[in-house]
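Only one structure is covered here, and it is reproduced in the block below.
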2 protein chains.
Amino acid sequence: MNNKEKLRKAGLRPTKQRMIIADILLGGINRHFTAENLQNEINSSGKSMSIATIYNCLKKFRNCGLIKQVESSKDTAIFDTNINQHHHFLNEDTGELIDIENDAVNLRKLPEIPQGYLNNGVEVLIKIKKQI
Amino acid sequence: MNNKEKLRKAGLRPTKQRMIIADILLGGINRHFTAENLQNEINSSGKSMSIATIYNCLKKFRNCGLIKQVESSKDTAIFDTNINQHHHFLNEDTGELIDIENDAVNLRKLPEIPQGYLNNGVEVLIKIKKQI
DNA sequence: CAAGTAGTTTAGAACGATTTTAAAGTAAAA
DNA sequence: TTTTACTTTAAAATCGTTCTAAACTACTTG
Ligand SMILES: [Mn+2]
Ligand SMILES: [Mn+2]
Ligand SMILES: [Zn+2]
Ligand SMILES: [Zn+2]
């Protein structure tokens with residue numbers, strides 16, 4: 001399925017701007033990035049896009065499940081093209097995130113989900129720092 | 001150990017403002033809160049404190065290990081008085097966090113820590129949402 | 001205790017990330 | 001083709017947080 005079809009299937013009009021972002025984000029190597037990272041990459045390729053549009057698109061993409069947003073205590077939102085359930089190393093010295101594939105982690109025991117609620121995904125974060 | 005001693009031991013001068021915050025946060029029931037939550041609570045008790053001071057104190061408390069900051073994709077920083085290693089349910093409908101005690105989770109398999117790095121804590125986040 | 005000094009608080013300004021506004025532009029529907 | 005709803009944009013606004021610089025206070029030293 002090409003990117004235009006992916007957008008259509010997600011209920012999003014394939015505008016010029018969304019196609020530019022889809023071409024960068026979808027179907028390539030997985031990555032973690034900020035809105036500003038993405039704008040810089042668009043600029044480097046000789047194109048340009050309003051930062052408002054970038055935020056609009058990322059929010060739409062996220063709400064459609066085309067990308068995810070990472071839980072992070074940094075003050076800038078971090079997005080993730082890896083939409084499979086997976087886990088992360090967090091380098092606490094640098095803030096860098098590294099993917100951990102889902103099957104590299106195995107949970108022997110989990111608490112009961114509160115009454116009336118559904119498990120909507122489990123994420124493991126392994127904080128690491130450089131050895132001294 | 002009383003709060004004044006706790007601050008001293010952490011290398012922090014027990015100022016009037018830090019004692020007010022310590023009295024609210026330390027040694028009570030564990031909770032998750034924002035800087036604004038804390039200011040509202042201080043205000044409700046008839047006291048007042050500059051928001052800059054609240055941020056200053058929370059940062060000092062966090063750096064001393066008296067409180068933690070939660071990994072969260074919300075744009076407001078969330079702090080946690082539970083400084084033990086533990087896990088969370090995240091109610092994705094409301095943003096509410098619920099503590100999961102460390103021994104309620106058991107990890108059978110973890111990936112290898114990258115060469116030259118140390119494991120500095122593992123956090124499990126279980127996202128939940130209301131059943132439909 | 002009295003001074004001295006180093007650390008702290010504060011209001012307000014500044015900042016950086018994100019959202020809103022409102023007008024112009026574009027994609028899809030009729 | 002005309003109409004409609006949706007999208008993009010620059011610029012302003014907003015929001016959480018940090019900075020500035022002056023006043024204040026806790027601790028140290030004499
Ligand atoms: Mn923030
Ligand atoms: Mn965040
Ligand atoms: Zn990832
Ligand atoms: Zn907690």
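Letters go in sequence order (proteins before strands), and every chain restarts at 1. Remember, predicted model here, so these are calculated numbers, not experimental data.
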*Over how many whole Å does the gap from B/Q69 atom CD to D/dG16 atom P extend?*
15 Å
*Would you say B/Q69's side chain and B/F79's backbone share a donor-acceptor pair under 3.5 angstrom?*
no
*Whole-Å distance separating the CD1 atom of B/I54 from the P atom of D/dG16*: 13 Å
*Would you please confirm or rule out a distance under 4.0 Å between OP1 or OP2 of D/dG16 and any side-chain N or O of B/K74?*
no
*asked:* Side-chain N or O of A/T15 versus OP1/OP2 of D/dT8: is the shortest distance under 4.0 Å?
replied: yes
*Quick one: do A/R31 and A/E41 make a salt bridge, cutoff under 4.0 Å?*
yes
_Closest-nucleotide 5' rank along DNA chain D - winner of B/K16 and A/G11_ = A/G11
*For D/dT9, take OP1 and OP2 only and decide whether either is under 4.0 Å from a side-chain N or O of A/Q17.*
yes
*Keeping the roles fixed (side chain from B/D99, backbone from B/N82), state whether a donor-acceptor pair exists under 3.5 Å.*
no
_Please report the distance, rounded to the nearest Å, between CD1 in A/I20 and C1' in C/dT26._
14 Å
*Between B/N37 and B/H32, do the side chains contain an N or O donor and an N or O acceptor separated by less than 3.5 Å?*
no
*Within the side chain of B/K130, is there an N or O that forms a donor-acceptor pair under 3.5 Å with the backbone of B/E92?*
no
*Please give, in whole Å, the distance from D/dT9 C1' to A/R18 CZ?*
14 Å
*May I have the distance from A/M49 (atom CE) to D/dT8 (atom C1'), rounded to whole angstrom?*
10 Å
_Under a 3.5 Å threshold, yes or no: a donor from one side chain and an acceptor from the other, between B/T53 and B/N56?_
no
*Just how far, in rounded Å, is P of D/dT17 from CD of B/Q39?*
12 Å
*Return the nearest nucleotide to the side chain of A/T76; candidates are D/dT8, C/dA17, D/dA10.*
C/dA17
*Is it true that the side chains of A/N30 and A/T81 contain a donor and an acceptor less than 3.5 Å apart?*
yes
*On DNA chain C, nearest-nucleotide positions of A/F79 versus B/S48: which is more 5'?*
B/S48
Could you write out each protein N or O paired with an N or O of nucleotides 27-30 of chain D at a distance under 3.5 Å?
from, atom 1, to, atom 2, distance (Å)
D/dC27, OP1, B/R8, NH2, 2.7
D/dC27, OP2, B/R8, NH2, 3.1

*asked:* Check whether B/K109 reaches the backbone of A/D103 with its side chain - one donor and one acceptor, N or O, closer than 3.5 Å.
replied: yes
*Polar contact flag, side-chain donor to acceptor under 3.5 angstrom, A/N3-A/D23*: yes
*Rounded to the nearest Å, what distance is computed from the CD1 atom of residue B/I42 to the P atom of nucleotide C/dT10?*
9 Å
Protein-nucleic acid N or O pairs under 3.5 Å, nucleotides 19-22 of chain C:
from, atom 1, to, atom 2, distance (Å)
C/dT19, OP1, A/K59, NZ, 3.1

*Please state how far atom NZ in B/K47 lies from atom P in C/dT9, giving the value in whole angstrom units.*
15 Å
